[in-house]
Chemist: 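To start, I am sharing the structure in question, which I have written as structure tokens.
We name chains A, B, ... by the order of the sequence lines, and we start the count at 1 in each one.
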Amino acid sequence: MEHWIIQSANALSFASILFLLAAGFSITFGMMRVLNMAHASFFFLGAYIGMETLKRSHNFLLALVVASLFMGLAGLATYRFFLRRFSREEEFPQALLTIGVLLVASEVVRWTWGGRVYLPSGPTFATGSIALGGLIFPKYRLFLIAVGAAVSVVLWVLLTKTRLGALVRATADDAEMSQGLGVNTRYLFMGVFGLGAMLAGFGGVLAAPVLGLYSGLDWEALLLAVVVVIVGGVGSFYGLLVGSLAVAFVDTFTRWFMPELAWFTIFLPVALILAFRPHGLMGKPQ
Amino acid sequence: MRTKRVLAFLGVLVLLLAACGPAATATPQRVVQTPTPTPGEPIRIGHLLALTGPFAGIMEIFNPGVDCAFEEVGWQVAGRPIKLVREDTQFKADVALSKAKKLMEVDKIHLGFGPQVTFEAQAAKEYLTQSGIPWITSDLALPDWAQKGTNIFHVGPIPQQAFTDDVLSYIYNDLGIRKAIVYSQDHPGGRLWSQGFMDGFKKVGGQIVQENYFPPDIVDHAVNFPKLKVGEADAIVTALWGAAAARFVKQADEYGLTKKTKVLGLASMVEDDTTLPAVGKSAVGIVSLYALPPPDYDNPAYKRLNDCVAGKIKLPPGMAIQGYLEARAAIEAIKAVKGNVEDRGALLQALRNVSFDSPQGAFSFQECQLGRRTIFVKKVVEKAGVVQNEMLKTFASAPFCP
């Protein structure tokens with residue numbers, strides 16, 4: 001029984017990482033139809049900036065704030081100077097451009113920090129492990145689960161219960177109509193893109209103590225974000241949530257019971273979903 | 001419809017990203033000719049390293065070692081300047097092969113170092129061998145990589161050299177490891193080190209309780225911990241490198257695994273210039289065995305290299321020694337041929353005869369062109385707030401030749 005509890009907690013902490021990683025990617029695509037492959041760069045760069053801030057300040061909260069702000073600004077700049085030139089229908093040019101941004105960011109990181117592995121620490125209060133009976137579980141992973149849950153609630157409220165969320169959804173459905181009603185769609189989209197990038201930077205700092213930082217993490221992160229979005233369904237908040245949980249639980253438990261399948265446990269749900277339910281578990285067929 | 005198209009695109013992307021792992025490519029049948037020498041012409045040396053990917057952290061540490069060796073001679077040997085061309089093999093077999101071709105056919109190198117990843121070396125071997133250019137590697141586990149009379153030299157050690165009866169008896173008797181769980185990355189290097197350990201360990205009476213192999217880029221070791229039969233074994237014996245090694249050490253500490261059992265790291269799992277800076281105190285207590293000395297090793301050549309490497313990366317040399325040995329062997333051979341690297345036969349013969357005091361003791365190649373190394377058994381300790389390796393015992397490596 002204790003192994004089931006530990007593995008479920010492992011899966012939940014992995015789901016939190018996946019959720020924080022994929023949230024911005026899903027929102028920018030779902031709301032704005034921008035296929036932002038550079039999302040992984042915001043996650044990756046955010047993690048490194050967080051690590052540098054942490055090294056200098058020894059303050060994890062500050063690292064989170066600095067990295068999120070930097071990545072939010074980077075997101076705004078990417079949208080303002082590059083992506084705004086494309087119409088919403090031009091997904092493939094968007095994807096190619098953002099893959100270019102991903103490659104450039106990858107080289108910038110390699111230049112600046114090299115290929116060395118870094119495993120930054122979490123906040124002081126989440127250092128060490130908790131022992132309950134025979135169970136030992138790292139405090140940081142519990143913290144990660146709590147942050148993932150909190151961010152999902154905040155995002156849900158923001159997108160479904162606020163005027164801003166209603167504006168974003170309305171503009172996503174019919175941008176021309178929103179514009180006619182006086183909404184500045186240009187700034188709205190730029191803001192949503194910046195928010196997505198900020199979430200990625202935030203997620204990068206939080207994931208770094210578990211995943212570590214090393215050359216190539218950006219491509220691995222992109223792969224995970226795409227998998228979550230395919231499984232959950234494009235542009236659906238509930239899809240994002242369900243996708244993160246499904247991928248994390250399937251991966252954790254398959255690797256526990258059938259480690260020999262570990263090479264493709266992440267890809268198995270993708271193949272099944274694309275074959276039998278191409279709009280994802282929670283997405284709407286179009 | 002558009003969403004479907006995009007999903008299909010994403011699906012293809014997932015497959016492409018997933019397929020970006022190691023892939024072997026057919027080896028071209030080609031012999032490359034080195035041009036005739038021009039007086040004062042630089043000696044061109046190529047260096048293949050996987051500077052991106054999961055082993056990048058280990059690979060980039062070779063560079064300060066190589067640089068320190070060339071700095072000792074002022075980047076000039078026998079009156080000829082040294083020109084070093086580094087290429088990133090990206091942890092991909094096909095890229096390793098194409099970069100080897102580029103070094104030989106475009107850069108016209110006289111001598112090469114690397115590749116240092118086993119599957120990359122396997123993919124490039126036929127091409128490298130047929131080129132005839134002297135190649136020196138240092139971190140491969142392949143038993144038949146270097147062979148007598150060829151142009152391939154290997155600094156080593158390979159598992160068959162490291163796991164001598166003396167080393168394994170020490171593990172069995174002195175460290176008290178009688179039953180072991182093997183926990184390894186599933187790639188040729190991991191498999192070869194694990195197999196080497198298991199073969200020797202069984203010979204001295206040891207018992208393997210369980211074997212575990214998993215993808216090299218595994219994100220979460222914690223998922224694997226519950227299935228490890230820790231209660232039935234004296235130690236977990238690991239063959240791990242790069243980010244996976246760092247994650248294992250940290251997660252084993254966080255989940256209390258290192259409190260329940262011993263961890264013995266094979267090869268370069270917890271070196272002072274790679275994994276230790278990332279994991280810090282989590283590694284305390286881990287024992288490892290490889291051919292690299294600890295930071296307080298009392299040897300003049302080691303101390304010289306320590307000063308040089310620390311000046312560059314602010315860390316003591318661990319894996320940097322591997323790079324140093326490759327470069328130093330090349331320097332000694334070039335000196336022996338008085339800089340005439342265009343005489344490839346003489347250069348190869350000179351390499352076979354090199355002998356020098358290295359940072360880990362006397363170094364020379366055996367007849368099969370595989371280096372003789374000292375094996376260091378080390379333990380990670382915390383001394384005055386600094387986490388570092390400490391020597392437990394040294395052993396001569398086995399005189400293994402394929």
Chemist: Calculate, to the nearest 0.5 Å, the distance between atoms CG and CZ belonging to B:Leu51 and B:Phe62 respectively.
Modeler: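 It comes to 10.5 Å.
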Chemist: Side chains of A:Asp218 and A:Ser106 only: does a donor on one sit below 3.5 Å from an acceptor on the other?
Modeler: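 Present: a donor and an acceptor within the cut-off.
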Chemist: Only pairs of heavy atoms separated by less than 4.5 Å count here; which of A:His3, A:Lys139, A:Glu220 has the most with chain B?
Modeler: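 Ranked by contacts with chain B, first place is A:His3.
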Chemist: What part of B:Leu315 is in contact with chain A, defined as an atom under 4.5 angstrom from a non-hydrogen atom: side chain, backbone, both or neither?
Modeler: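 It is the side chain, since no backbone atom gets that close.
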Chemist: Answer with yes or no after comparing the ring centroid distance for A:Phe44 and A:Trp113 against a 6.0 Å cut-off, counting only values under it.
Modeler: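 Not close enough - the centres of the two rings lie 6.0 Å or further apart.
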Chemist: Considering only heavy atoms and a distance below 4.5 Å, find which of A:Pro138, A:Ala271, A:Ser129 pairs most often with chain B.
Modeler: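 The option with the most such pairs is A:Pro138.
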Chemist: Report, by ascending residue number, the residues of residues 5-15 of chain A in heavy-atom contact with chain B at a distance under 4.5 Å; give 'none' if the set is empty.
Modeler: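 Interface residues of residues 5-15 of chain A: A:Ile6, A:Gln7, A:Asn10, A:Phe14.
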Chemist: Measuring from atom CD of B:Glu87 to atom CG of B:Leu49, what distance do you get when rounded to the nearest 0.5 angstrom?
Modeler: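 Spacing of CD (B:Glu87) from CG (B:Leu49) equals 10.5 Å.
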Chemist: Kindly indicate whether a cation-pi arrangement holds for A:Arg33 with A:Phe29, taking the cut-offs as under 6.0 Å to the six-membered ring centre and within 45° of the axis.
Modeler: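 A:Arg33 over A:Phe29 ring: yes.
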Chemist: Looking at A:Tyr140, A:Tyr118, A:Phe137, A:Trp256, which has the largest count of heavy-atom pairs under 4.5 Å with chain B?
Modeler: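 When all of A:Tyr140, A:Tyr118, A:Phe137, A:Trp256 are compared, A:Trp256 has the most.
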Chemist: Using the six-membered ring wherever Trp is involved, compare the ring planes of A:Trp4 and A:Phe257 and label them parallel, tilted or perpendicular (cut-offs 30° and 60°).
Modeler: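 Tilted, since the angle between the ring planes falls between 30° and 60°.
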Chemist: Parallel, tilted or perpendicular: which one describes the rings of B:His47 and B:Phe113, with boundaries at 30° and 60°?
Modeler: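 It falls in the perpendicular class, over 60°.
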Chemist: From B:Met319 CE over to B:Ile321 CD1, what is the distance, rounded to the nearest 0.5 angstrom?
Modeler: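 Answer rounded to 0.5 Å: 9.5 Å.
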Chemist: I want to know whether B:Phe214 and B:His187 have ring centres closer than 6.0 Å.
Modeler: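 Aromatic pair excluded; centres sit 6.0 Å or further apart.
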Chemist: Quick one: what part of A:Pro120 sits under 4.5 Å from any heavy atom of chain B, side chain, backbone, both or neither?
Modeler: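 For A:Pro120, the backbone is the part near chain B, not the side chain.
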Chemist: Given that the side chain runs from C-beta out, which part of B:Asp88 has a heavy atom under 4.5 Å from chain A: side chain, backbone, both or neither?
Modeler: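 When you check distances to chain A, only side chain atoms of B:Asp88 fall under 4.5 Å.
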Chemist: Between A:Arg141 and B:Asp220, does any side-chain N to carboxylate O distance fall below 4.0 Å?
Modeler: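 Yes, this pair counts.
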Chemist: For residues 236-248 of chain B, give me every residue with a non-hydrogen atom less than 4.5 Å from any non-hydrogen atom of chain A.
Modeler: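 The list, in residue order, reads B:Gly242, B:Ala243, B:Ala246, B:Arg247.
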Chemist: Please check if the side chain of B:Glu382 supplies one atom and the backbone of B:Val387 the other of a donor-acceptor pair under 3.5 Å.
Modeler: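 Answer holds: no.
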Chemist: Any idea which of A:Gly114, A:Gly216, A:Gly212 has the most non-hydrogen atom pairs under 4.5 angstrom with chain B?
Modeler: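 Heavy-atom pair counts peak at A:Gly114.
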Chemist: Working to the nearest 0.5 angstrom, can you tell me the gap between B:Leu276 CG and B:Ser288 OG?
Modeler: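 Answer for the CG-OG pair, B:Leu276 versus B:Ser288, is 8.5 Å.
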Chemist: Judged by atom type as modelled, is there a donor-acceptor pair below 3.5 Å linking the side chain of B:Lys250 to the main-chain atoms of A:Pro209?
Modeler: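 Judged by distance alone, yes, a pair lies under 3.5 Å.
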